[in-house]
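Step one of this worksheet: look at the structure below.
In listed order, ligands and their atoms are each counted from 1. This structure is a prediction, so every number in the text was calculated from the model and none was measured.
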Amino acid sequence: MVRIINLESKKKASFYAAVEVIKQIDLKKDSVLGLATGGTMLDLYEQLNDLLKLNNMDLSKVKTFNLDEYIHLSVNHDQSYKTYMYHNFLKFNDTFNEKNFFIPNGNAEDLNSEVRRYEGLIENNGPINLQILGIGENGHIGFNEPGTSFSSRTHIIELENSTIKANSRYFNDIEEVPSQAITMGISTILKAEKIILLAFGENKRSALNKLMTGEIDESLPASILNQHSNVEVLVDNEALGIAKI
Ligand code: PGA
């Protein structure tokens, strides 16, 4: 079963996660990190960037693999996950070697060979020592939507309407939200040695409640994490449904 850790607020939980990343890099200078995007991760990157600077950490040997990227959204679009990573992580960390930054190319001419290339890169550089995950309102991890096979590797996914709607808050118009993405597969994610999932806010409560039952079912992609031996789920009061005092 996953360990649920209630840190009461998004800020405290993000700090905890940032410290876990620092500890991982301290332990192994050439750590391989699995990184995530989305609104949930903004505080984490902010606090991580501060801690990395404060501790003069050398990131030159660290490698990072992002979970996913939209298909057919220009890399320069402000909502591409490559742009997100630049604005929230890369531009703050001078010692990080951008050659060690990996993200699927959603504009590759041959998307089928791109998914194989990305899976191969993870295989050759892995295992991922620490994977950071968010969770969708529908229980997705990465962009693995409900019904995705637990044995999936990096693949192309059709986004659910609920995901498109949830992500439309970052775009000018819902019509602009891509309908497809490349995502690490569920079996790819599960190979990580340690996983930290962050779930904040009331809109994640339903998915979190289902995850906490311990029942494992492909209709809730995150439920497979109950089978992994090293997962921490960091939550705030709102996600757990604990009223603020
Ligand atoms: P969010 O997305 O952080 O923007 O809520 C999380 C996810 O879909 O995994």
Side-chain angles (χ1 to χ4, degrees), residues 2 7 9-11 13-18 21 33-48 65-71 73 77-85 87-89 103-104 106 128 130-148 152 154-155 157-172 174 176-186 188-190 192 195-211 219-225 231-240:
V2 295
L7 287 147
S9 72
K10 178 176 180 178
K11 198 162 183 161
S14 302
F15 182 71
Y16 179 107
V21 176
L33 305 175
L35 298 180
T37 53
T40 305
M41 303 298 156
L42 291 171
D43 275 19
L44 165 58
Y45 287 118
E46 200 180 317
Q47 301 196 58
L48 178 61
F65 284 87
N66 267 73
L67 279 168
D68 43 22
E69 178 60 287
Y70 290 115
I71 286 180
L73 189 65
H77 191 288
D78 62 354
Q79 292 308 321
S80 84
Y81 289 157
K82 194 169 180 186
T83 303
Y84 175 107
M85 291 308 294
H87 287 298
N88 292 294
F89 180 69
I103 189 162
I128 287 175
L130 175 60
Q131 174 70 55
I132 305 294
L133 284 184
I135 185 168
E137 290 172 31
N138 62 4
H140 72 208
I141 48 175
F143 267 137
N144 292 288
E145 300 286 35
T148 303
S152 55
T154 300
H155 61 116
I157 186 93
E158 297 289 328
L159 301 181
E160 275 200 347
N161 286 337
S162 66
T163 298
I164 292 175
K165 189 159 173 271
N167 289 5
S168 68
R169 68 190 193 276
Y170 303 121
F171 290 78
N172 296 323
I174 193 163
E176 270 187 46
V177 187
S179 58
Q180 291 184 312
I182 296 177
T183 181
M184 275 189 206
I186 296 184
T188 323
I189 293 171
L190 287 180
I195 296 174
I196 295 181
L197 183 147
L198 282 66
F200 305 139
E202 201 184 331
N203 58 344
K204 302 294 169 74
R205 194 182 300 162
S206 154
L208 190 62
N209 280 339
K210 289 185 201 153
L211 173 65
S219 65
L220 190 84
S223 67
I224 192 65
L225 298 175
V231 180
E232 285 180 349
V233 177
L234 311 183
V235 301
D236 64 359
N237 283 337
E238 286 79 4
L240 271 189

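In this structure, atom 3 (O) of ligand 1 lies nearest to the protein heavy atom Thr40 OG1, 2.4 Å.
Near Gly38, with a cut-off below 4.0 Å to any heavy atom, the atoms of ligand 1 are 3 (O), 4 (O). Which parts of ligand 1 touch Tyr170 is read off a 4.0 Å heavy-atom cut-off, strictly below it: atoms 4 (O). The distance from ligand 1 to the heavy atoms of Arg169 drops below 4.0 Å at these ligand atoms: 1 (P), 4 (O), 5 (O). Distances below 4.0 Å separate heavy atoms of Gly134 from the following atoms of ligand 1: 9 (O). Ligand-side atoms of ligand 1 in range of Gly39: 1 (P), 3 (O), 4 (O), range being under 4.0 angstrom from any heavy atom. In summary, the atoms of ligand 1 found under 4.0 Å from a heavy atom of Ile135, numbered by their order in the structure, are 6 (C), 7 (C), 9 (O).
If you look at His140 next to ligand 1, the close heavy atoms, those under 4.0 Å, all belong to the side chain. Proximity of Lys204 to ligand 1, defined as any heavy-atom pair under 4.0 Å, is confined to the side chain (atoms from C-beta onward).
For Asp78 and Tyr84, the side-chain atoms include no donor-acceptor pair closer than 3.5 Å. For the residue pair Glu145/Thr163, the side-chain donor-acceptor check at 3.5 Å is satisfied.
Around atom CD of Glu202, no more than 12 heavy atoms belonging to other residues, nucleotides or ligands sit under 6.0 Å away.
You'll find the side chain of Gln47 reaches within 4.5 Å of the side chain of Lys11, heavy atoms only.
Checking only distances, Asn167 never comes within under 3.5 Å of ligand 1, N or O to N or O.
Note that CG of Leu225 is 6.0 Å distant from CG of Leu133, once rounded to the nearest 0.5 Å.
The aromatic ring centroids of Tyr45 and His87 lie 6.0 Å or more from each other.
Ring geometry for Phe143 against Tyr81 counts as parallel: the plane angle stays under 30°, on a 0 to 90° scale with 60° as the upper cut.
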